[in-house]
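Scroll down for the structure; my scribbles are underneath it.
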Amino acid sequence: MPLVIYNTLTRRKEDFSPICSTRVTMYVCGPTVYNRVHIGNARPAVIFDVLFRVLQTLYPRVDYARNITDIDDKIIKASRELNQDISVITERYSRLYIQDMDSLNNLTPTFSPRATDHISEMLDIITDLVKSGFAYFSDGHVLFSVAADSNYGKLSQRLSSELMAGARIDVASYKQNPGDFVLWKPSGPADPGWPSRWGRGRPGWHIECSAMVKKHLGETIDIHGGGQDLLFPHHENENAQSRCIHNGRPLSNFWMHNGFVNLDGEKMSKSLGNFRLVGDLLKKYPGEVLRYAILTAHYRFEQNFGFSVLDAAKNSLNSLYGYLRAAENIKISHSDEVSSCRGVDALLDDLNTPLALSELHRIAKEMHTSRGTKQKRLKTQLMSLSRLMGLLQQKPEAWFKNKIENQVITNDQIEDAINARKEAKFAGDYVTADIIRKRLEKSGVVLEDSRKDTTWRRR
RNA sequence: GGCGCGGUGGCAGAGUGGUUAUGCAGCGGACUGCAACUCCGUUAACGCCGGUUCGAUUCCGACCCGCGCCUCCA
């Protein structure tokens, strides 16, 4: 079964085929680093990580770039408010972002380019655009001229003539057309800035991606991804800039957009203030739970994200790891080969992760009730499918016993309590034994008695 | 005003023109000193109204409701 991807450009599912059969290029818009990221920022990172993993099984080389925007007016604002140098802020939050993404089991992208490392590349593009008449200089700004680009609006299906209707566009006096957007803007003496032929200034929002895509991946790439909210204006503008300096060749053949994460039925966003930070959630839940929860919904649609979703995700993982724990001594040979099965096919069908997850459960359950070669085969299948999704990759023992930040009781304390209970049980003192178990349960520890001994897990 | 998405059982969430996933939660039973784990069984849904059809949750049309983009935003 071929990989099928829903392409925003054509509003259809299409068979995926890369420009070069041996190398796939993918670029995903990362965060602006001025504070901690919320779970909505984590969604594209997880989704495209799954795609990255899937592509790696299909093609010999996959170049995946996920950028970090480290120059932006919001960062400048944060720098003023905190009275800290801008680089201190961007360094801190880049590091935390990468840390958060790592704890969600995301693989490290091939490239993690930063905007400020690409100023000269941006200026080159701007120079090109001005030279070829797609951009103009006005009152210290360099602006892209929407009217000069006949294909403008195609990606987001918006006619530039209709942009006026909402009357929500910043109609600045230096713009020839309200839809024109800034490529380069002047910086005050206190603002960060770089010298240019248009004076000391800094880049507009969209130009960085055009520059980084071109430098690391090429003129036209295979897949460009990001959140739904980036479709317009960000991706439309990126695409316009790149197309215009490349004789009409597109920035990307496939455009993918993930839906939002909602909280109480409303879009989670920093401007609304209704967000859950990944870092905060990680104090209560293992990263794998966040990842599982993200994968329970299809990426194109919006997803509700409350604690009940996380609790359910955790219980589901408990069940899967429980099966794996029971099958721990079944040896399987690790192989990168991924054979076709319903779960893999689900992923190949525009990343139907909810369906793939249901397969995980089906396989795990069947594995549990099988024996011999069948069981071995099913475990192999389970492990390779889950690896494609970045799940179930730790030892069951670690899953059940590793402490997360908010848990206080130590493994030693648990073991001691279990020993005490064992003595009580041996003496027939079930009252004491039950008190100990209840006390442990209050600390989030569940005991499981078997014939031989007592094992435990954190709830 | 323009463009777009969605409404499925208690919750989450796939999918399909007829046999109605899956997970979590619930319920009944087995196992257990009691539990937990596991096993067996089980309840329960397709916003509303028309149309097409032998048959629609699935296709078509209208309607209602919710959400998003058009300004920074994953």
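Lettering follows sequence order; numbering is per chain, from 1.
Atom CD1 in A:Ile76 sits roughly 15 Å away from atom P in B:C72 (whole-Å rounding). Put simply, CG on A:Leu155 is 13 Å from P on B:G4, counting in whole angstrom units. For the pair A:Leu355 CG and B:G13 P, the computed distance is 15 Å after rounding to whole Å. Between the CG atom of A:Leu272 and the C1' atom of B:A74 there is a distance of 14 Å, rounded to whole Å. In this structure, A:His361 places its NE2 atom 11 Å from P of B:A25, rounding to the nearest Å. Per the geometry, CD belonging to A:Glu302 stands 17 Å off P belonging to B:A74, to the nearest Å. In this entry the distance linking CZ of A:Phe305 with C1' of B:A74 reads 13 Å, nearest Å. When rounded to the nearest whole Å, the span between CG of A:Leu310 and P of B:A25 equals 15 Å.
Residue A:Gly259 is in base contact, counting any heavy-atom pair closer than 4.0 Å across all strands shown. At the heavy-atom level, A:His38 lies under 4.0 Å from base atoms of the strands shown. Note on A:Val261: a base of the nucleic acid sits closer than 4.0 angstrom, heavy atoms only. Looking at heavy-atom distances under 4.0 Å, A:Ser269 makes contact with a base.
Considering only residues two or more places apart in sequence or on other chains, A:Ser79 meets the side-chain contact (heavy atoms from CB on, under 4.5 Å) condition with A:Ile86, A:Ile89. Residues passing the salt bridge (Lys or Arg N to Asp or Glu O under 4.0 Å) test with A:Asp100 are A:Arg36, sequence neighbours excluded. The side-chain contact (heavy atoms from CB on, under 4.5 Å) search around A:Ala313 returns A:Val289, A:Tyr292, A:Ala293, not counting sequence neighbours. Shown here are the side-chain contact (heavy atoms from CB on, under 4.5 Å) partners of A:Asp434, two or more places apart in sequence or in another chain: A:Arg437.
Distance noted for atom P between B:U22 and B:C63: 37 Å (whole Å). Comparing B:U58 with B:U8, their P atoms are spaced 14 Å from each other, to the whole Å. As rounded to the nearest Å, B:A45 and B:A12 have C1' atoms that lie 13 Å from one another. To the nearest whole angstrom, the two C1' atoms, one in B:U16 and one in B:C49, are 23 Å apart. For the P atom pair drawn from B:A25 and B:U19, the interatomic distance equals 29 Å after rounding to whole Å. As rounded to the nearest Å, B:C67 and B:U42 have P atoms that lie 39 Å from one another. Remark: the separation of the C1' atoms in B:C40 and B:C46 is 29 Å, to the nearest Å. A gap of 14 Å separates the P atoms of B:C11 and B:G47, to the nearest Å.
Annotation: cation-pi pair A:Lys284/A:Phe307 present, NZ/CZ under 6.0 Å from the ring centroid and within 45° of its normal. Both tests do not hold together for A:Arg12 against A:Tyr6: distance to the six-membered ring centre under 6.0 Å, angle to the ring axis within 45°.
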Could you list, one pair per line, each protein nitrogen or oxygen that sits under 3.5 Å from a nitrogen or oxygen of nucleotides 30-37 of chain B, together with the distance?
from: B:G33; atom 1: O6; to: A:Arg421; atom 2: NH2; distance (Å): 3.3
from: B:G33; atom 1: N1; to: A:Asp434; atom 2: OD1; distance (Å): 3.0
from: B:G33; atom 1: N2; to: A:Asp434; atom 2: OD1; distance (Å): 3.3
from: B:G33; atom 1: N2; to: A:Asp434; atom 2: OD2; distance (Å): 2.6
from: B:C34; atom 1: O2; to: A:Arg437; atom 2: NH1; distance (Å): 3.3
from: B:C34; atom 1: O2; to: A:Arg437; atom 2: NH2; distance (Å): 2.3
from: B:C34; atom 1: N3; to: A:Arg437; atom 2: NH1; distance (Å): 2.7
from: B:C34; atom 1: N3; to: A:Arg437; atom 2: NH2; distance (Å): 3.4
from: B:C34; atom 1: N4; to: A:Asp449; atom 2: OD2; distance (Å): 3.1
from: B:A35; atom 1: N6; to: A:Asp449; atom 2: O; distance (Å): 3.2
from: B:A35; atom 1: N1; to: A:Asp449; atom 2: N; distance (Å): 2.9
from: B:A35; atom 1: N3; to: A:Arg437; atom 2: NH1; distance (Å): 3.2

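Between A:Lys365 and B:G23 there is a side-chain N or O to OP1 or OP2 distance below 4.0 Å. Distances shown here put every side-chain N or O of A:Asn304 at or beyond 4.0 Å from the OP1 or OP2 atom of B:C11. At least one side-chain nitrogen or oxygen of A:Asn41 sits closer than 4.0 Å to the OP1 or OP2 atom of B:A74. A close approach under 4.0 Å does not occur between any side-chain nitrogen or oxygen of A:Asn315 and OP1 or OP2 of B:G23. Remark: A:Gln157 is in phosphate contact with B:G4, judged by side-chain N or O atoms under 4.0 Å from OP1 or OP2. At the phosphate of B:C69, OP1 or OP2 sits under 4.0 Å from a side-chain N or O atom of A:Lys267. Residue A:Tyr323 places at least one side-chain N or O under 4.0 Å from the OP1 or OP2 atom of B:C39.
Annotation: of the two residues near RNA chain B, A:Lys270 and A:Leu357, the 5′-most nearest-nucleotide partner is A:Leu357. Taking for each of A:Arg300 and A:Pro44 the nucleotide of RNA chain B with the nearest heavy atom, the 5'-most of the two is the partner of A:Arg300.
The aromatic ring centres of A:Trp255 and A:His235 sit less than 6.0 Å apart. Between A:Tyr34 and A:Tyr93, the distance separating the two ring centers is not shorter than 6.0 angstrom. Checked against the 6.0 Å centroid threshold, A:Phe254 and A:His224 do not count as a close aromatic pair.
The closest donor-acceptor contact from the side chain of A:Asp70 to the backbone of A:Thr116 lies under 3.5 Å. A side-chain donor-acceptor contact under 3.5 Å links A:Ser187 to the backbone of A:Pro192.
Nearest to the side chain of A:His298, among B:G23, B:A74, B:A14, sits B:A14. For A:Pro233, taking side-chain heavy atoms from C-beta onward, the closest of the listed nucleotides B:C67, B:A12, B:C70 is B:C70. For A:Phe301, whose side chain is taken as the heavy atoms from C-beta onward, the closest listed nucleotide among B:C5, B:G68, B:A74 is B:C5. The side chain of A:Thr369 has B:C39 as its nearest neighbour among B:C39, B:A12, B:A74.
Contact detail for A:Gly343 and A:Leu385: the closest heavy-atom pair is C-CD1, 3.6 Å.
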Worksheet entry | Nucleotide pairing, RNA chain B (Watson-Crick or G-U, distances under 3.5 Å), in dot-bracket with [ ] and | | (((((((..(((.....[...))).(((((.......)))))....(.(((..]....))).))))))))....
